[in-house]
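Remarks on the structure that follows.
Per chain, numbering begins at 1; letters A, B, ... match sequence-line order.
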2 protein chains.
Amino acid sequence: MADDVREALEQMIVTGEFADGERLDENRLADRFHVSRTPLREAFQMLAASGLVELLPRRGAFVRHPAFHEMVEMFEVMAELEAVCGRLAARRVTPEVLARIRATVIACEAAVAAGDTDGYYRENEHFHQLIYTASGNDFLAAEARRLHKRLQPFRRMQLRVRGRMLQSLTEHRQILTALEAGDSTGAEATLRDHVAVQGAKFNDLMASYKQSNLRANPQPVALRG
Amino acid sequence: MADDVREALEQMIVTGEFADGERLDENRLADRFHVSRTPLREAFQMLAASGLVELLPRRGAFVRHPAFHEMVEMFEVMAELEAVCGRLAARRVTPEVLARIRATVIACEAAVAAGDTDGYYRENEHFHQLIYTASGNDFLAAEARRLHKRLQPFRRMQLRVRGRMLQSLTEHRQILTALEAGDSTGAEATLRDHVAVQGAKFNDLMASYKQSNLRANPQPVALRG
DNA sequence: GTCAAACTTTTTGTATACAAGATTTCGATT
DNA sequence: AATCGAAATCTTGTATACAAAAAGTTTGAC
């Protein structure tokens, strides 16, 4: 029950239903979800653990959208984590996982050919999840998945850009080639560039950030109404 | 209050007062700490968020010590995170932070000269915290600190080994040199090797793991009393 | 003696009650 | 009219109450 509430709130937050710094009203939300404050507060704590809200003692739970520079920092870490996954995967990937990666690349090609953006998005997700698995380090994979999930709402912004899908596919192919060749340096570099927000991607991301409703409020949380 | 309880439980867990898989009894602990179950359960959730306990629905909170292979995986990630910090720091470190890193290396030298293990441990902590800061990426620094803290009880095992302190100091010097030279590749490689558990360090760690009371129970959590 | 089903006891999860801290309102003062 | 402070109101944090699920125990059949 507490987990259902967390799920619902998480959805509401990442779809921008709350402004940055907005306080989550325990009584109002308890009414809304037909639960008492107890499971609601549990949900708040879970959201705080994943960084979606900030808990200020005796003040309440405040939703926290990342500032642009924080988003860039998170993407930088994501790029490095995936680069590490790639480097390790080049040495450790099992034939089974490699085959599944190959399959997603083929599915991605099909999606591009069909102009199926949603399909591409889905297969792209699989591709990255498999890279994490391929690292052979479950802890690394779990950390990568955690950050990947956290960045999901912002990644959505990115992939709609024209031509991005095709470029992404090309990079997937290069990554696959590197993994097949056991080329750890190549896999690392290609994955880093694939995920990193730089060059044109930086500007695209900035543009969509400014349009989104997941923008941070420049005022510090503690001083807001 | 909930946070005090979390603090206390965290201490008890990392000092091995509970066996792996042991259930944390809400009523008993509520009595022990003179609090009600409400803040206690909050503490459980926080501990679950940092991976120290596992929450099984309708079953309770079970302490979770990492298996040896999980510990190795965590150290591998730590090594990679610090390597990234080092690479970025070589390009981004500010003169102020660099000066403070230099100071810790000098303090480490003094500690080695005096045979002051505790002093070395303290300065070593500062050194690594500063490396995180030097990365210029606050999110990366926060993630590195989180994992660093999680590994603290296991790192304690490591540094007592004879000769380790001197080798560690030598590596600190090399890292500092690389940072001063703006040598990102050097800083990255040196830091990775410094933190990585490999060669003799692997065997040392395994030996102390086996002796510690933070060992995992081979039986899966769900099947334990 | 073993197994299983029914019953009893614990234990968890949620709701509610209440006290202490934060916020707002409103009036008095400059 | 603006500002400060006290009273009133709201909100959070903790304790307690209660229902439902899990664990443990007893009883009965074979």
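Closest approach to the A:Met1 side chain among C:dT14, C:dT12, D:dT12 is made by C:dT14 (side chain taken as heavy atoms from C-beta onward). Taking the side chain of B:Arg23 as heavy atoms from C-beta on, and the options C:dT12, D:dA15, C:dA15, the nearest nucleotide is C:dT12. Distance from the side chain of B:Arg41 is smallest to C:dT14 among C:dT14, D:dA20, C:dG21.
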Protein-nucleotides 5-7 of chain D N/O pairs closer than 3.5 Å?
none

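Proximity of the aromatic rings of B:Phe202 and B:Phe68 is defined here by a centroid distance below 6.0 angstrom, and this criterion is met. Aromatic rings from B:Phe18 and B:His65 are positioned such that their centres are separated by 6.0 Å or more.
Interface remark: the B:Arg37 side chain does form a donor-acceptor pair with the C:dG13 base, using a distance-only criterion of under 3.5 Å.
Qualifying side chain to side chain contact (heavy atoms under 4.5 Å, CB included) partners for A:Val35, counting only residues two or more places apart in sequence or in other chains: A:Met1, A:Val5, A:Phe33, A:Pro39.
For the pair A:Arg145 (side chain) and A:Gln129 (backbone), a donor-acceptor distance under 3.5 Å is present.
Pairs of residues two or more places apart, or lying in two chains, that qualify as side-chain hydrogen bond (donor to acceptor under 3.5 Å, both in side chains) and include a residue from residues 198-210 of chain A are A:Arg164-A:Asp204.
The phosphate of D:dA15 has OP1 or OP2 within less than 4.0 Å of a side-chain N or O from B:Ser36.
Between B:His128 and B:His172, the angle of the ring planes goes over 60°, which puts this pair in the perpendicular group of the 30/60° scheme.
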